[in-house]
Amino acid sequence: MAEEKELRYEPAPIEEKWQQRWAADPKLYAADEAACDEPAAKPKYYVLEMLPYPSGQLHMGHVRNYSIGDALARHMWMRGYNVLHPMGWDAFGLPAENAALKNNTPPRQWTLANIAAMKRQMMRLGLGYDWATEVTTCLPEYYRWNQWFFLRMYEKGLVYRKKSKVNWCPECATVLANEQVVNGCCWRHEDTVVEQRALEQWFLRTTAYAQELLDGLDKLEGWPEKVRTMQRNWIGRSEGTEVDFIFERSAKEIREQKDGVTTLEGDRERVRIRVFTTRVDTIFGATSVQLAPEHPLVKALADTDSGLRMQVDQLMEEQKRARETGDVAAIEKHGVPTGHFAINPYNGERVPVWVANYVLMDYGTGAIMSVPGHDERDFEFAKKYAIPVRRVIAPADSSAEESPLPFTSEDGVLINSGEFSGLSCTEAQKRLQEVAERGAFGNATVTYRLKDWGVSRQRYWGTPIPMIHCERDGLVAVPDDQLPVMLPEQIEITQQGGSPLARVPEFVNVRCPRCGGPALRETDTMDTFVDSSWYFYRYTDAKNAAAPFDSAQARYWFPIDQYIGGVEHAILHLIYSRFWTKVMRDLGLIANDEPARRLFTQGMVIKDGAKMSKSRGNVVSPDDMVARYGADATRMYALFAAPPDRDLDWQEDGVAGVSRFLGRVYRLVARHAPAARASRGETAQKPEGLSLKLERKLHQTVAKITLDFEGRWHFNTCVAAIMELVNEMQAADAELASGAVAAPILHELLRTLVLLLAPFAPYLAAELWEMLGEEGAVLRAPWPASDPELAKEDELEVPVQINGKLVAVVRVAADADGRQIELAARSDEKVVARVAGKNVAKVIVVPGKLVNLVVK
RNA sequence: GCGGAAGUGGUGAAAUGGCAAACACACUAGCCUUAGGAGCUAGCGCCCACAAGGCUUGCGGGUUCAAGUCCCGCCUUCCGCACCA
C-alpha cells in the first residue's frame, strides 16, 4: 500500500526541518521583556542547568541534565510563565593549556572551537535556550567583571594574601591542582612525587560569611537534604573553648636564644600556648599539651635545638605523605617530647609539651590539650608513649562505674576535678568558661572547618588577578578604568616552571597606577570556580558593558526558581556561589540572600553497572544516538529510563523502544489528522461510549503529568502515562477510522496528546501540531487543563480481602457508599463460600479502595 | 569510624499504608510483506504437567484489619566526609 510508506516515522528529516525553523526565529526561546512590568499577570520563572566545561563533546550526563531542564522550561512556557532559560560555557581551565601543549593550538582557539561544536550538538538536540544571553567566561567581556568583583572585595577587606602550601611537580616545574595529584605523584609523571611548596597566594575571606552560609541552609527548603548536610559538614561549625596553658619559659628567654624576633602570641613575660577544645570539662584530665609540627613555638624551639628540628621535620614529612596519599586518618600517631612543660591554668599542674603528627596547624589554634581518659586519639597516643591516663568523668548512670577508658560520652559527671567535681559535663563547660574569662586565660569560642578560598592559580588560561606590585607603593589595585586586564593572546605554552604569564614581558612590566614608576603585574590567575560563582546573574543582562549586570534585571529574575545539575557540585560550586551572592547583596547589587530557591541534583548515567568512562570503554556518544534514533527518542529515553534523581542505566534497546513508540504516535496522529482537521471550529457534544472512555483516559493523563511537573518530577511515569494513553487510542484505531468518535472530540484527543508530548519530544510535537493544522508554536499553546468531571470513573473495581488476603474483585458504582460496597462484597460467591459457617468479626470498608473482612 | 541513599521479575522500573510488578526492554509463539534496526496479535515473577491452589519486594523481628511502604535489629552495594580536638 502506497500510503503506508508515507506514514513511516523518520526522525531525521522532521528534526532537521524544525531545527532550521527554530534557528530562524531567535525570539522563540527569549524571555518576554514587557512582562517585567506586569509580574502578576505573567509571573517569571528562571530555570537553569549548570553550564558545561567546553570539552568539545557533550556526554550523556549533559543530555540527561538538559533534557530535564528543557522539559521543565517548555512546560512553564506552556503554563504562561515568562521563562528565562539560558546556557553558557565554563570556558577557562587547564585542559585548554594541555591541548595547547599537545596540538600546538592556542587555548582560546581550541576553546571557541569546542564551544561551537557543543552548541551545534545542543541545537541538534532541540534544547530551547535563548542564545542571545549566552555567556562565555573566557572572553574579556565576562572576565573583566571577575576582576571588578575582585577589586570590590579587596576594598571591603575580603581579599588578602598569605603564604600557603601548593602542590608542586618538580618535573613539570609547576603547580598542580589537587585533582592532578594521583597517589601523591604527578598525573603526568607517575614516578615523580609531588612536593608541597609555600607560595604567596590570594585568598577570598569566605570565612567572614561562615555563620550566614550555615544559617542559610535551614531556609533552603527546596534543596536536597543531602546537599544541605554536606554543606553543613563542610562548614563544620563547632563550639568550644580556648584556654591558655602557660609555657614554663618566658618569651624573653626564647628570644635571647633565638637572637631574633619571635612571632609568638602574647609577647609578654610568659609565653602562652593557646589550645582549642570542645571538652573543657575534661581539662583536669589533661596530661600533656600537643603542638602541631608547624606551630610557631615549635619553630622557635627547634631553631635552637637541632635534635628537635630533625624529629619535627620527620613528623611533617609523615603528615605530608599521609595528606598526599589521602589516608590521613590511618597514619600511625607519632610524637616528640620538647623537653619543656606548660601549666594548666585551672589547677597549676605542670604537664609535658609534645609535638605530634596528628595535630593540624590549620584547625583551631594548632595546639591541643591531650586528655587520654576521654578522647580516642589522645588515648591511643598516651598508650604508645606511656603518658598517664586519668579519669575525670564518671558515667551519668552510676552502675556503669567501671566503664572502660577512654570514656568519650558527654553524659557524665565530673570527678577528680577540684571544685568542679560533681557538676554535669554541660554545666561544667559553662562554669569553666566563666572562670577562664574572669581570669583572662581563655574564652568560649566558635571554630569553623571552612577555610578561606585560595583563588590563586599559577596558570595561563584564567582571569588575570588585577593587582600590581610596585617597589615604592607595594600592592596597588588596578583602577577600574583600566579593566579588563587582558590575557595576552600570543603566548607560548611550555612545560617550563611557573606561570606562563610571568614570561611575557609586555604583560608583566607596567607603570604603577599610583606613582607612575616601574612595577610588576601580578601573574597569578583566578580559580575557575570564580567564573561559575556568579555567571547566572550575567544571563539576566549578558551584553552589559558598563556593569556586571543591571540590578533591576537581577532583582526581577532572582532567585533562580529551579537549578539543576549533578551532585558533584554540592559543595564547592554551590558554596562559592552562595558566598558570592551574599557579597553582591552587601555591595547593594541584588536583593536576594541565596542564588537558587530550588535545587535538583540528577543521578549519574551509567552503563553496564559502571560510570561511563573512556578507560572502561563504555561511553555512549549522544551524536550516535541522535543519528540512529533521533533527538526526541534520545531525550525521551533519558527521562523514561529512571526517575531523574536516580542513576540511569543506559540501554540502547530502550532508546530503540522509545523511538518505536514515537513512530506509533506519529502514525496514529497522521492517520486521523485529516478527519480531526475537518472538525476545527465545531463544538463537541457530550462524550459517551468510546469517546467517553478515551476522554476519561486523556483527562486522567493530563492530571497526572501536570501534578508531576509541580514537584514530584517522576518524568519516567509521565512518559509511561502517555504510552498508556496512546496504547488505548491505538487499540480503538479501527473504530476511530470508522468515525465512532465525533470529529471534534477526535480533534481534542489528538491535539491534547500533542500538547502533552511537547515538553518531552519537541520536534515530533511541532510536526504533529502543524499536521493538525494548528497555528503558531506548540510552545506558546496553553497547557491543557484536566476536567475532573471527565477524569472521574463511574464504576470501580474494588478488591475484597478476607483476613488481608485477596479473594475477589467486585465492580461497584464510583459513588457507592460503604454499605453498598460491603453488600456487593458479601454477596460475591467466592466470598460467600469462604465466610460460610464462620464469624465475621469486623468489616473494613475503604470506599474506592477495598473491603477487608476479618473472619474467625 | 561518622553521615546519607539504595536493595522489587531475565533487564530498566511502577505502586497517597489498601489488588505487588503499571510502562518499557529482552524473550517465546503466531500473523503480515515494502524483508525493516519495520508493523500487528498473544504470552511472559516463582512453584505445581494444566487447572485449582500456593509462594514472592535483601535477612530477622514488630506495629496494623492491612506493610515494598511505618518502627527496631542485621546484611550488601553505592556516595560523601574522615586524626577537625
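In what follows, every heavy atom counts, from backbone to side chain, and hydrogens, waters and symmetry copies are set aside. Every chain is numbered from 1, with letters handed out A, B, ... down the list of sequences.
With both pairing distances under 3.5 Å, B:rG73 is matched to B:rC59 as a Watson-Crick or G-U wobble pair. Across all strands shown, the partner of B:rC31 is B:rG39, judged by Watson-Crick or G-U wobble contacts whose two distances both fall under 3.5 Å.
In this structure, A:Q730 reaches the sugar-phosphate backbone alone: every heavy-atom distance under 4.0 Å involves primed, P, OP1 or OP2 atoms, never a base. A:G236 comes within contact range of no nucleotide atom at all, as no heavy-atom separation falls under 4.0 Å. Using a 4.0 Å heavy-atom criterion, one finds that A:R628 contacts the bases of the nucleic acid, with or without backbone contacts as well. Nucleic acid contact class of A:A656 (heavy atoms, under 4.0 Å, all strands): none. Using a 4.0 Å heavy-atom criterion, one finds that A:D647 contacts the sugar-phosphate atoms exclusively.
A:K704 has no side-chain polar atom (N or O) that falls below the 4.0 Å cut-off from OP1 or OP2 of B:rC23.
Between A:E225 and A:R228 a salt bridge is recorded (basic side-chain N to carboxylate O distance below 4.0 Å).
Ring geometry, A:Y385 versus A:H334: the interplanar angle falls under 30°, so the pair is classed parallel (tilted spans 30 to 60°). Classified by interplanar angle (parallel below 30°, tilted 30° to 60°, perpendicular above 60°), the ring pair A:F441/A:Y346 is perpendicular. Between A:W650 and A:Y637, the ring-plane angle classifies as perpendicular under the 30° and 60° cut-offs.
If you check B:rG39, B:rC23, B:rA13 against the side chain of A:A642, the one that comes closest is B:rA13. The side chain of A:N852 sits closest to B:rC65 out of B:rC65, B:rG39, B:rG12.
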